[in-house]
Amino acid sequence: MSDESHLDELFQRYRAACPEVEPSANFMPLLWHKIESRHNFWFVFQGLARAVATASAAVCLLLLILNLAAAPKVQSTGPTYTDALMADHTAERTYYTEALRNTPPSMEGQDATPRH
Amino acid sequence: MLVEPELIEKARGGDAPAFNQLVLAYRKRILGTISRLIGRPEDVEDVAQEVFVRLYYSLDQLRAPEVFEPWLYRLTINAAYDYLRRSKRRKESRMADLSDQQVTMADSLAGGRRETEDREKSRVREFMDALFRHVSEEDRLLLMLKEVEGLSLKELEEVYHVKENALKVRLFRARQRVLKAYNAAVADGKL
């Protein structure tokens with residue numbers, strides 16, 4: 001007989017050697033008692049959790065309303081800084097057009113090569 | 001399965017008498033498994049009740065009545081494992097921890113054939129418990145379910161939610177460790 005089968009046999013003997021456990025008469029009443037006590041705990045816990053969640057939501061809403069009411073009203077009377085920047089950088093005012101504009105009138109129409 | 005799928009469906013729907021019947025059908029099997037897993041007769045009922053309380057509160061999450069037994073085994077293993085973790089911290093005195101002299105004294109008080117059988121059984125249990133100390137708690141539970149409770153690899157796959165091959169490897173390693181301890185014990189003449 002190999003070691004493996006010895007071990008298998010030992011496992012079987014172990015199973016046979018473990019005593020059969022009979023449930024006591026109090027097993028079911030105690031079980032239901034435990035289920036109900038945990039049920040009560042969960043009921044109270046859930047109730048508390050729900051109350052806390054509702055209160056938190058109410059406080060958040062209140063703070064949001066207060067925040068909106070207290071915020072200073074920003075009136076846009078004139079052009080903003082970004083508007084001014086946009087106006088200054090139109091498509092016409094590129095580096096090339098700026099160079100043309102700055103060229104003196106005397107040089108306009110002259111070629112780069114000297115005439116003979 | 002020890003019960004009809006309809007009974008599980010009823011219990012899942014919150015039917016208390018159906019749940020009661022379910023517990024009555026499975027409690028002896030669960031008590032036996034827990035007794036082998038935790039090895040302390042005084043706490044077996046307590047852990048079994050914890051299993052059924054957990055079952056009561058998680059039954060609505062059960063996918064189908066067909067997987068009820070692996071589900072119940074899973075709850076049993078978890079409850080047994082939780083208990084073992086708790087009791088490790090408590091370090092209670094138990095029969096297995098008594099000195100040889102105390103055990104011999106207890107043995108000498110017993111007499112007759114029944115007592116001899118009981119003594120033999122107790123010797124087998126103690127020997128196996130000593131072998132199981134060579135593997136981790138997780139591996140001991142796995143070996144116990146496979147070799148002693150007789151669960152198939154398919155059932156273990158359902159219980160642990162682990163692929164069969166991984167389970168095979170783990171079981172093989174655990175078995176090898178136990179076998180090594182067994183051979184050492186045989187060589188020392190302990191068996």
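Letters A, B, ... mirror the listed sequences (proteins, then strands); counts begin at 1.
Under a 3.5 Å cut-off, the side chain of B:Tyr57 and the backbone N or O of A:His39 do form a donor-acceptor pair. Side-chain atoms of B:Arg74 come within 3.5 Å of backbone atoms of B:Val159 as a donor-acceptor pair (strictly under, hydrogens ignored).
Heavy-atom distances place both the backbone and the side chain of B:Phe52 under 4.5 Å from chain A. There is no contact between B:Ile34 and chain A, counting heavy-atom distances below 4.5 Å. At a 4.5 Å heavy-atom cutoff, the contact between B:Arg36 and chain A is made by backbone and side-chain atoms alike. Of the two parts of B:Val44, only the side chain, counted from C-beta on, holds a non-hydrogen atom closer than 4.5 Å to a non-hydrogen atom of chain A. With a threshold of 4.5 angstrom between heavy atoms, B:Glu149 approaches chain A through its backbone and through its side chain. Proximity to chain B (any heavy atom under 4.5 Å) is shown, for A:Glu22, by both the backbone and the side chain. At a 4.5 Å heavy-atom cutoff, the contact between B:Asn20 and chain A is made by backbone and side-chain atoms alike.
When all heavy atoms are compared, the tightest approach of A:Leu31 to B:Gln49 is CD1-O, 3.5 Å.
Between B:Gln61 and B:Ser58, the side chains place no donor N or O within less than 3.5 Å of an acceptor N or O (distance only, hydrogens not considered).
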| request: Might you work through the side-chain contact (heavy atoms from CB on, under 4.5 Å) test for B:Leu84 and B:Leu141, ending with a clear yes or no? | output: CA-CA 11 Å; B:Leu84 289 168; B:Leu141 297 185; 4.3 Å; yes
| request: Test side-chain contact (heavy atoms from CB on, under 4.5 Å) on B:Arg86 and B:Asp43 and set out the steps. | output: CA-CA 12 Å; B:Arg86 274 201 315 271; B:Asp43 293 331; over 6 Å; no
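Residue with the most contacts toward chain B among A:Glu20, A:Lys34, A:Gln12: A:Lys34 (heavy-atom pairs, distance under 4.5 Å). Note: B:Arg175 leads B:Glu120, B:Glu50, B:Met144, B:Arg175 in heavy-atom pairs under 4.5 Å with chain A.
Distance check: B:Phe127 CZ to B:Phe132 CZ gives 11.0 Å after rounding to the nearest 0.5 Å.
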